[in-house]
Amino acid sequence: MEKLIFATNNQNKVNEVRKVLGNLFDIVTLKEAGIDIDIPEPHNTLEANATEKSSTIYTLTGKNCFSEDTGLEVEALNGEPGVRSARYAGEHAAFEDNVQKLLLNLKDVDNKKAQFRTVISLIQNGIEHQFEGICKGKIIDEKRGTNGFGYDPIFIPAGSEKTFAEMEMEEKNLFSHRKKAMKKLIDFLTQNV
Ligand code: IMP
């Protein structure tokens with residue numbers, strides 16, 4: 001089975017991706033590959049940050065790898081927090097701080113439409129390929145549920161009544177941005193091994 005490094009330090013993302021991949025591909029995390037770095041996300045787009053992460057790891061290891069960058073894009077906030085989703089409430093903000101800031105900014109706003117967008121960057125034999133996944137939905141006024149991570153407790157995907165945080169991972173993966181991008185990655189990999 002082909003081994004692929006997943007350039008992330010976020011264990012929640014690793015768990016979700018492993019669930020989608022099953023035993024199709026063998027994912028090696030940065031930790032498992034013995035790489036201890038905090039990869040910077042200095043750019044203004046998810047695309048550029050995803051490239052930054054995968055190319056950093058490819059340069060370091062010379063091995064095929066992929067990364068992903070995800071943002072929550074809120075319509076009434078002109079796409080914010082978007083690429084700054086992890087740092088919305090400040091440089092090393094906790095998930096909770098980011099959620100509270102978003103709830104505050106949407107307090108008197110009627111339009112709660114939002115979408116998660118994931119961009120995966122794969123570097124295979126030195127060549128980059130990108131895959132996008134979008135999940136449309138809305139933000140609610142109060143947190144609900146304890147599963148998942150990040151903005152999951154305040155996001156309801158279109159077609160459900162539950163927040164992502166009220167779903168088991170299998171159910172989140174029926175809707176998820178990350179799953180949709182992963183599906184494109186898997187289709188590409190299965191045609192290009
Ligand atoms: P990044 O891709 O690590 O930069 O993620 C940005 C931020 O978006 C994370 O810190 C989370 O707060 C949020 N995020 C990313 N993916 C998800 C998700 O699937 N559910 C909820 N929040 C997410």
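For ligands, and for the atoms within them, numbers begin at 1 and follow the listed sequence. The model shown is predicted, which means the values in this text are computed figures rather than measured ones.
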Side chain proximity check, Glu128 to Thr51, heavy atoms < 4.5 angstrom: yes

Any donor-acceptor N/O pair, Lys112 side chain to Leu106 backbone, under 3.5 Å: yes

For Phe175, all residues meeting ring-ring contact (aromatic ring centres under 6.0 Å, His included), sequence neighbours excluded: none

Short side-chain to backbone donor-acceptor contact, Ser121 and Ser67, under 3.5 Å: no

side-chain contact (heavy atoms from CB on, under 4.5 Å) partner of Asn173, the single match among Met167, Arg178, Lys179: Lys179

Residue shell around ligand 1, heavy atom under 4.0 angstrom: Lys13, Glu41, Glu68, Asp69, Thr70, Ser85, Ala86, Phe95, Phe116, Phe149, Gly150, Tyr151, Asp152, Lys172, His177, Arg178

Check: Thr163 main-chain N/O paired with Glu166 side-chain donor or acceptor under 3.5 Å: yes

